[in-house]
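Following: one structure in C-alpha cells, then a few remarks.
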Amino acid sequence: MRTVCENCRTVFELPAANETSGTCPYCEHMNHPQNHPMHNGHGDEAHAAPPPSKTARNGVNKRDIGTSTMIFPPEAETKPEPDTSIRNATNGKKPALPSGRPFELVIVEGDELGKRFVIAKAQMTIGRGVNTDIQLKDPEVSREHCAIECFGDALIIKDLRSANGTVLNGFLVRQDLLKPHDRIHVGNTTLEVDRPSKN
C-alpha cells in the first residue's frame with residue numbers, strides 16, 4: 001500500500017501486513033495510512049497540502065528530508081551521475097573553500113532577480129526553509145532542496161531528495177560538478193554559478 005509519511009512527506013510502500021500503521025523508513029515516524037489524505041479506503045490516492053511541521057518527542061524538530069517521489073517532475077533528461085569525475089576532483093581532499101576568489105550564485109530567473117549569494121562555507125544548503133544557508137522565496141522549492149560542497153576549486157551540487165528535482169544545464173541530476181556559468185534550476189528559480197574577478 002502506498003502512503004506518505006505524516007512527518008517528513010516521504011512517499012513509501014507500506015507492506016499489506018501493516019495496513020493499520022507503519023514506520024517511515026526515512027525518519028521512523030509512526031504513520032496511520034487509513035486516516036491519511038493519500039489513502040481514502042479504496043486504494044486511491046489524493047493530493048493534500050503538507051501538514052504543519054511536527055516536533056519530535058525530544059522537543060527537537062526533525063530535519064525535512066523532502067520526498068522520494070517527485071510531485072511535479074521537471075521536463076529534463078536524466079544525466080548519469082559522474083562518479084569518476086567527482087572522485088578525481090575530490091580524491092584525498094576534505095571540504096574546504098577555494099584559496100582564491102570565492103564562488104557565487106546569482107538568481108537569473110525567478111523572484112529576487114539579480115540577488116547574489118556568496119559560497120562562504122565549504123558546505124551550504126539551498127531551499128525555502130529558514131534553516132537553509134541560501135533561502136529562496138519559491139513555493140516550488142523544497143525546504144532543503146540541494147546542497148553545494150566545495151573541495152578547493154572543485155564545486156559539487158547534490159540534490160537532497162527534493163520533491164521537484166534539481167536540474168543542471170537542462171539535465172536532472174542527483175550530484176554533479178559545477179563550473180562558472182553553469183545554471184541550476186530549482187522550482188521556478190534559476191541560479192547561475194559565478195566567480196567574479198577581483199576589482
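Start at 1 with the first residue, then count along the sequence.
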Can you pull out every salt bridge (charged side-chain N to carboxylate O under 4.0 Å, His left out) where at least one residue sits in residues 148-157? Sequence neighbours excluded, please.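 Passing the test, one end in residues 148-157: E149-K158, D153-R195.
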[atom1]/[X] to [atom2]/[Y] distance, rounded to the nearest 0.5 angstrom?
{"X": "M124", "Y": "T132", "atom1": "CE", "atom2": "OG1", "answer": "9.0 Å"}
{"X": "L168", "Y": "H185", "atom1": "CG", "atom2": "NE2", "answer": "12.0 Å"}
{"X": "T166", "Y": "I126", "atom1": "OG1", "atom2": "CD1", "answer": "8.0 Å"}
{"X": "Q135", "Y": "R143", "atom1": "CD", "atom2": "CZ", "answer": "11.5 Å"}
{"X": "L155", "Y": "C150", "atom1": "CG", "atom2": "SG", "answer": "4.5 Å"}

Under 3.5 Å donor-acceptor pairs involving side-chain atoms of residues 86-96, not counting sequence neighbours:
| from | atom 1 | to | atom 2 | distance (Å) |
| --- | --- | --- | --- | --- |
| N88 | ND2 | T84 | O | 3.3 |
| T90 | OG1 | I86 | O | 2.8 |
| K93 | NZ | A89 | O | 3.4 |

Less than 3.5 Å apart, which donor and acceptor atoms pair up between the side chains of residues 105-120 and the rest of the protein, not counting sequence neighbours?
| from | atom 1 | to | atom 2 | distance (Å) |
| --- | --- | --- | --- | --- |
| E109 | OE1 | T190 | OG1 | 3.2 |
| E112 | OE2 | K115 | NZ | 3.3 |
| R116 | NH1 | E104 | OE1 | 2.8 |
| R116 | NH1 | D194 | OD2 | 2.9 |
| R116 | NH2 | D194 | OD2 | 3.2 |

Smallest separation among heavy atoms of [X] and [Y], with atom names:
{"X": "E140", "Y": "N164", "answer": "O-ND2, 2.8 Å"}
{"X": "S142", "Y": "A163", "answer": "OG-N, 3.0 Å"}
{"X": "H145", "Y": "V186", "answer": "CD2-CG1, 3.4 Å"}
{"X": "A122", "Y": "L97", "answer": "N-CD2, 3.9 Å"}

How far apart are the C-alpha atoms of I134 and I148, what are their side-chain angles, what is the distance that settles it, and do they pass the side-chain contact (heavy atoms from CB on, under 4.5 Å) test? CA-CA 10 Å; I134 296 176; I148 302 286; 5.7 Å; no
Keeping [X] on the side-chain end and [Y] on the backbone end, is there a donor-acceptor pair under 3.5 Å?
{"X": "S162", "Y": "D159", "value": "no"}
{"X": "H181", "Y": "R183", "value": "no"}
{"X": "T125", "Y": "D133", "value": "yes"}

Quick one, I157 and V193 - any side-chain contact, counting heavy atoms below 4.5 Å? no
List the residues meeting side chain to side chain contact (heavy atoms under 4.5 Å, CB included) with N131, not counting sequence neighbours, and say none if there are none.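 Applying side chain to side chain contact (heavy atoms under 4.5 Å, CB included) to N131 gives none.
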Sequence-distant partners of N169, side-chain hydrogen bond (donor to acceptor under 3.5 Å, both in side chains), two or more places apart: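 Here the qualifying residues are D182.
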For D138, enumerate each residue passing the side-chain hydrogen bond (donor to acceptor under 3.5 Å, both in side chains) test, keeping only those at least two apart in sequence or located in another chain. T189
